[in-house]
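Note that the numbering runs from 1 along the sequence shown for the chain.
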Amino acid sequence: GYDVAKLHRIDCPTTLAIAMVEETRIRAALRDLRDAGADAIVSVGTDLLITRLADEAERWLEIPVLAVNAVMLWHALRAHHIHDQLQGLGSILREH
C-alpha cells in the first residue's frame, strides 16, 4: 500500500563507518528524498546518527522522518503498554 518515491543509499567503506557520516551529508540526503516527492522518510540505518536530527528535520522538511531506532523504541514501549511520549526523538514518540 506504499509507493517508494526514492531510495538514497549512503555508501561507506566499512559497516562501522556509517556511524561517522557527517550531519551535512545526512541533511543533504533528507532534502534529496523530500525533493523526490516523498510524503515521509524512513531511515533504516541503525548505526546512522539520525534519531535526534530526524526530530529537527521534520520541522524544516515538513514531512515525517522516521529513524529506525526511534521506531523500535516506540514499538517496544507500546508492546509493553507504556504510552509515554518523549521529546526530541521525532513525532512518532512525541505524538503517538
Side-chain angles (χ1 to χ4, degrees):
Y2 297 98
D3 293 323
V4 176
K6 183 175 187 175
L7 296 175
H8 186 107
R9 181 183 171 101
I10 297 178
D11 290 315
C12 293
T14 69
T15 55
L16 296 177
I18 195 74
M20 295 178 259
V21 172
E22 305 85 18
E23 185 175 307
T24 55
R25 193 167 167 198
I26 299 169
R27 287 175 178 269
L30 293 171
R31 281 191 295 276
D32 179 53
L33 292 166
R34 188 244 356 244
D35 293 347
D39 294 325
I41 295 173
V42 178
S43 171
V44 296
T46 55
D47 284 340
L48 185 66
L49 298 177
I50 190 172
T51 302
R52 293 201 182 274
L53 178 59
D55 184 59
E56 175 192 334
E58 288 184 327
R59 288 186 278 285
W60 47 267
L61 294 172
E62 298 180 340
I63 60 174
V65 179
L66 302 168
V68 68
N69 292 336
V71 173
M72 288 190 305
L73 175 58
W74 176 87
H75 182 267
L77 291 170
R78 299 312 179 262
H80 292 285
H81 309 290
I82 300 169
H83 297 282
D84 293 359
Q85 293 178 316
L86 305 172
Q87 302 297 315
L89 301 173
S91 60
I92 191 164
L93 283 160
R94 184 177 60 252
E95 299 173 11
H96 303 284

Main chain of [Y], side chain of [X]: is a donor-acceptor contact present, judged purely on distance under 3.5 Å?
{"X": "Trp74", "Y": "Asn69", "result": "no"}
{"X": "Thr14", "Y": "Ala17", "result": "yes"}
{"X": "Glu58", "Y": "Ile63", "result": "no"}

Contact check, side chains of [X] and [Y], non-hydrogen atoms, under 4.5 Å:
{"X": "Arg27", "Y": "Glu56", "result": "yes"}
{"X": "Val65", "Y": "Ser43", "result": "no"}
{"X": "Leu61", "Y": "Leu30", "result": "yes"}

Kindly work out whether a path of hydrophobic side-chain contacts (I/L/V/M/F/W/Y, heavy atoms less than 4.5 Å apart) joins [X] to [Y].
{"X": "Ile41", "Y": "Leu53", "answer": "yes"}
{"X": "Tyr2", "Y": "Val44", "answer": "no"}
{"X": "Leu49", "Y": "Leu16", "answer": "no"}

Might you confirm whether atom [atom1] of [X] has over 12 heavy atoms from other residues, nucleotides or ligands at distances under 6.0 Å?
{"X": "Arg94", "atom1": "CZ", "value": "yes"}
{"X": "His80", "atom1": "NE2", "value": "no"}
{"X": "Arg9", "atom1": "CZ", "value": "no"}
{"X": "Asp39", "atom1": "CG", "value": "no"}

* For Leu93 and Leu73, what are the C-alpha separation, side-chain angles and deciding distance, and is it a side chain to side chain contact (heavy atoms under 4.5 Å, CB included)? -> CA-CA 8 Å; Leu93 283 160; Leu73 175 58; 3.9 Å; yes
* Structure fact -> Apart from Val4 itself, its cluster of hydrophobic side chains linked below 4.5 Å comprises Leu7
* Asked: What pairs with His8 under side chain to side chain donor-acceptor pair (under 3.5 Å), at least two apart in sequence or on another chain?
  -> Asp32
Nearest atoms (heavy-atom pairs only) where [X] meets [Y]:
{"X": "Asp55", "Y": "Gly88", "value": "OD2-CA, 3.5 Å"}
{"X": "Asp47", "Y": "Ile18", "value": "CB-CG2, 3.3 Å"}
{"X": "Ala5", "Y": "Gly37", "value": "CB-C, 4.2 Å"}
{"X": "Asp11", "Y": "Arg25", "value": "O-NH2, 3.0 Å"}

* Structure fact -> The residue among Ile50, Leu48, Thr46 that forms side chain to side chain contact (heavy atoms under 4.5 Å, CB included) with Val68 is Thr46
* With sequence neighbours left out, what residues match Val71 under side chain to side chain contact (heavy atoms under 4.5 Å, CB included)? -> Leu66, Ile92
* **Point-to-point distance, once rounded to the nearest 0.5 Å, from NE2 of His83 to CZ of Arg78** => 6.5 Å
